[in-house]
Amino acid sequence: MPLVPMRLLLDHAAEHDYGLAAFNVNNMEQIQAIMEAADETESPVIVQASRGAREYSQDNYLRHLMLAAAELYPRIPIAMHQDHGNSPETCKSAIENGFTSVMMDGSLLEDGKTPADFDYNVKVTRAVVETAHARGVTVEGELGCLGSLETGTGDKEDGHGAEGSLSRDQLLTDPDEAERFVQETGVDALAVAIGTSHGAYKFTRKPDGEVLAMDRIEEIHRRLPNCHLVMHGSSSVPQELQDIINAHGGQIRQTWGVPVEEIQRGIKSGVRKVNVDTDNRLAITGAIRKVLHEDPEKFDPRQYLKPARAAMKEVCIDRMKAFGQAGNAGKIKCVGTESFVSYYATV
Ligand code: G3H
Ligand code: 13P
Ligand code: ZN
């Protein structure tokens with residue numbers, strides 16, 4: 001089974017009204033957790049790697065791990081996606097390394113922290129669309145800067161994201177611009193800014209419409225009913241995962257994420273890809289802390305990596321069921337990127 005273009009999965013999700021979690025990976029155990037969850041729930045999956053993840057794990061290891069996943073789970077359609085590509089060069093190197101989908105995040109300049117203007121964003125995103133579509137590879141763009149509507153600051157918890165203060169206009173995707181952006185770039189999917197941010201510290205209280213602008217998604221979907229929308233920073237930061245970490249020597253300040261029911265509302269309005277990394281990080285860290293805290297004499301990494309992998313698998317299963325991708329793996333006819341070359345040539 002080849003790795004499939006992400007567009008194949010997004011189109012199926014749109015046709016059948018569900019969303020797909022896109023889980024970030026950095027190592028073998030995370031890939032195993034996702035694949036075990038996908039196998040158990042019969043879910044198609046999007047596995048994504050940030051630039052930092054590619055550097056940490058190295059492209060060769062990552063490529064072979066993904067090919068191993070495809071070989072081990074022939075029933076599961078798997079798309080491999082570059083998360084937050086900062087330049088056309090990053091996206092090109094991802095494609096050369098077997099990624100079947102790339103994100104050109106032109107909402108920021110190449111430094112990954114300075115907000116870019118609309119024209120720059122269109123220029124770099126369109127360039128990536130030309131390169132990627134010629135190879136049947138999917139492209140996600142981003143318009144608007146991720147960041148907090150509560151504090152008016154950009155999102156830099158994970159080392160990338162806008163620095164300093166941002167206006168409400170910069171923190172919310174403009175529906176007029178979204179229409180122009182999709183038209184002028186030809187992207188397959190559009191990531192929107194609605195007040196979510198990466199990492200654990202998204203909201204200081206359970207978010208309402210003031211700080212989590214789901215109505216913006218509804219408006220953009222009304223304007224662009226055929227465009228697949230993407231929610232970044234969409235971990236839910238469950239209380240129980242915070243509690244497990246804190247009960248075993250960790251220090252997570254009280255925080256709130258994006259409630260699953262808000263994501264489900266988004267899925268009703270065109271959200272097809274939902275990015276989740278932090279929840280898995282919390283689950284892994286909580287499980288490892290628990291083992292080492294309760295049994296400080298343990299030192300075989302398998303003794304804490306197994307529970308860590310199991311804890312991440314549980315999060316993945318929960319999201320796969322909640323977003324509706326569960327049960328859909330066998331309904332998708334898998335094809336590789338080459339089948340999409342002619343598709344893009346005709347649209
Ligand atoms: O884009 C945010 C993801 O959580 C990846 O984070 O850049 O630390 O790998 P990272
Ligand atoms: P979280 O930090 O909310 O998991 O978001 C991940 C993400 O958007 C990756 O691009
Ligand atoms: Zn993101």
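Worth knowing before you read on, the calculation uses all heavy atoms, side chains too, and leaves out hydrogens, waters and symmetry mates. Note that ligands are numbered from 1 as they come in the structure, with each ligand's atoms numbered from 1 the same way. Along the sequence shown, residues are numbered consecutively beginning with 1. Since the model is a prediction, treat every value here as computed from it, not as a measurement.
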task: Would you check the N or O atoms of Asn24, main chain and side chain alike, for any that come under 3.5 Å of an N or O of ligand 2?
output: no

field: Derivation and outcome, side-chain contact (heavy atoms from CB on, under 4.5 Å), residues Arg51 and Gln82
entry: CA-CA 8 Å; Arg51 277 191 299 140; Gln82 163 79 60; 3.8 Å; yes

Ser50 heavy atom under 4.0 Å from ligand 1: yes

message: Taking 4.0 angstrom as the limit and counting only heavy atoms of Gly199, give me the atoms of ligand 2 inside it, by number and element.
response: 2 (O)

message: If the condition is ring pair (Phe, Tyr, Trp, His ring centres under 6.0 Å), which residues does His248 pass it with, not counting sequence neighbours?
response: His293

- prompt: Relative to the Zn ion (ligand 3), which of the N, O or S atoms in His232 is the closest?
  reply: ND1

task: Determine, using the 4.5 Å side-chain heavy-atom cutoff (strictly less than), whether Val192 and Val122 are members of one ILVMFWY cluster.
output: yes

message: For His84, which part has a heavy atom under 4.0 Å from ligand 1: side chain, backbone, both, or neither?
response: side chain

Test side chain to side chain contact (heavy atoms under 4.5 Å, CB included) applied to Lys273 and Leu190, Leu20, Ile46, the passing residue: Ile46

message: I want to know if ligand 2 touches Asp83 in the polar sense, i.e. an N/O pair below 3.5 angstrom.
response: yes

statement: Taking only non-hydrogen atoms of Val276 and a 4.0 Å limit, the atoms of ligand 2 in range are 4 (O)

Test side chain to side chain contact (heavy atoms under 4.5 Å, CB included) applied to Thr337 - qualifying residues, sequence neighbours left out: Pro5, Thr100, Val137

message: With heavy-atom distances below 4.0 Å as the criterion, list the atoms of ligand 2 near His232.
response: 8 (O), 10 (O)

- prompt: Do Ser235 side-chain atoms and Asp279 backbone N/O form a donor-acceptor pair below 3.5 Å?
  reply: yes

task: Tell me which part of Ser234 gets within contact of ligand 2: side chain, backbone, both or neither, using heavy atoms under 4.0 Å.
output: backbone

message: Please classify the Asn275 to ligand 1 contact at 4.0 Å (heavy-atom distances, strictly less than): side chain, backbone, both or neither.
response: neither

- prompt: Quick check: does Arg281 get an N/O under 3.5 Å from an N/O on ligand 1?
  reply: yes

- request: Give a yes-or-no answer on whether the side chains of Asn86 and Glu110 include a donor-acceptor pair shorter than 3.5 Å.
  value: no

statement: Smallest heavy-atom separation, Thr204 atom then Trp256 atom, equals O-CZ3, 3.2 Å

field: Close approach of Lys202 to ligand 2, heavy atoms, under 4.0 angstrom
entry: yes

message: Within rounding of 10°, what is the angle whose vertex is the Zn ion (ligand 3) and whose arms end at NE2 of His198 and NE2 of His84?
response: 100°

